[in-house]
Amino acid sequence: MVTTPLEQKKKILAQKKARVQRYEALIKIQERKEQISRRIRVGELAEKAGIHTWDHATLLGAFLSVAQTKDNLKTEESWTKEGRRLLGG
């Protein structure tokens with residue numbers, strides 16, 4: 001079967017679209033893995049801090065309080081210093 005140049009271009013474009021879709025799917029998988037990893041690390045840190053048994057509402061309130069006070073650079077530096085000391089780094 002003889003194909004026209006336009007049909008060939010459409011075929012090539014369809015192949016490129018399929019490649020992009022596969023790549024996007026791989027990126028979404030990687031993003032999901034990173035999100036899960038972050039959540040696990042937060043849970044591990046909550047456990048180290050001894051707050052992993054708090055109910056969800058209390059934890060959320062505490063996190064919101066921390067988020068509001070993070071704007072103070074001295075506070076953040078203090079948290080970082082203490083966290084590194086406790087993590088051994």
Exercise. Is the shortest distance from a Lys or Arg side-chain nitrogen in Glu82 or Arg85 to a carboxylate oxygen in the other one below 4.0 Å?
Worked result: yes

For this session: Go through the side-chain N and O atoms of Gln35 and Arg38 and say whether any donor and acceptor fall under 3.5 Å apart.
Result: no

Which donor-acceptor pairs under 3.5 Å do the side chains of residues 72-81 make with protein atoms, sequence neighbours left out?
| residue | atom | partner | partner atom | Å |
| --- | --- | --- | --- | --- |
| Asn72 | OD1 | Lys74 | N | 2.9 |
| Asn72 | OD1 | Thr75 | N | 3.3 |
| Asn72 | ND2 | Thr75 | OG1 | 3.4 |
| Glu76 | OE1 | Lys70 | NZ | 3.2 |
| Glu76 | OE2 | Lys70 | NZ | 3.3 |
| Thr80 | OG1 | Glu76 | O | 2.9 |

Drop me the distance from [X]'s [atom1] to [Y]'s [atom2], to the nearest 0.5 angstrom.
X	Y	atom1	atom2	value
Glu44	Lys48	CD	NZ	7.5 Å
Gln21	Lys17	CD	NZ	8.0 Å
Gln30	Ser37	CD	OG	9.5 Å

Please set out all donor-acceptor pairs under 3.5 angstrom arising from side-chain atoms of residues 50-68, sequence neighbours excluded.
| residue | atom | partner | partner atom | Å |
| --- | --- | --- | --- | --- |
| Asp55 | OD1 | Ala57 | N | 3.0 |
| Asp55 | OD1 | Thr58 | N | 3.0 |
| Asp55 | OD1 | Thr58 | OG1 | 3.3 |
| Asp55 | OD2 | Thr58 | OG1 | 2.8 |

Exercise. Going by heavy atoms in the side chains, are Thr4 and Lys9 under 4.5 Å from each other?
Worked result: no

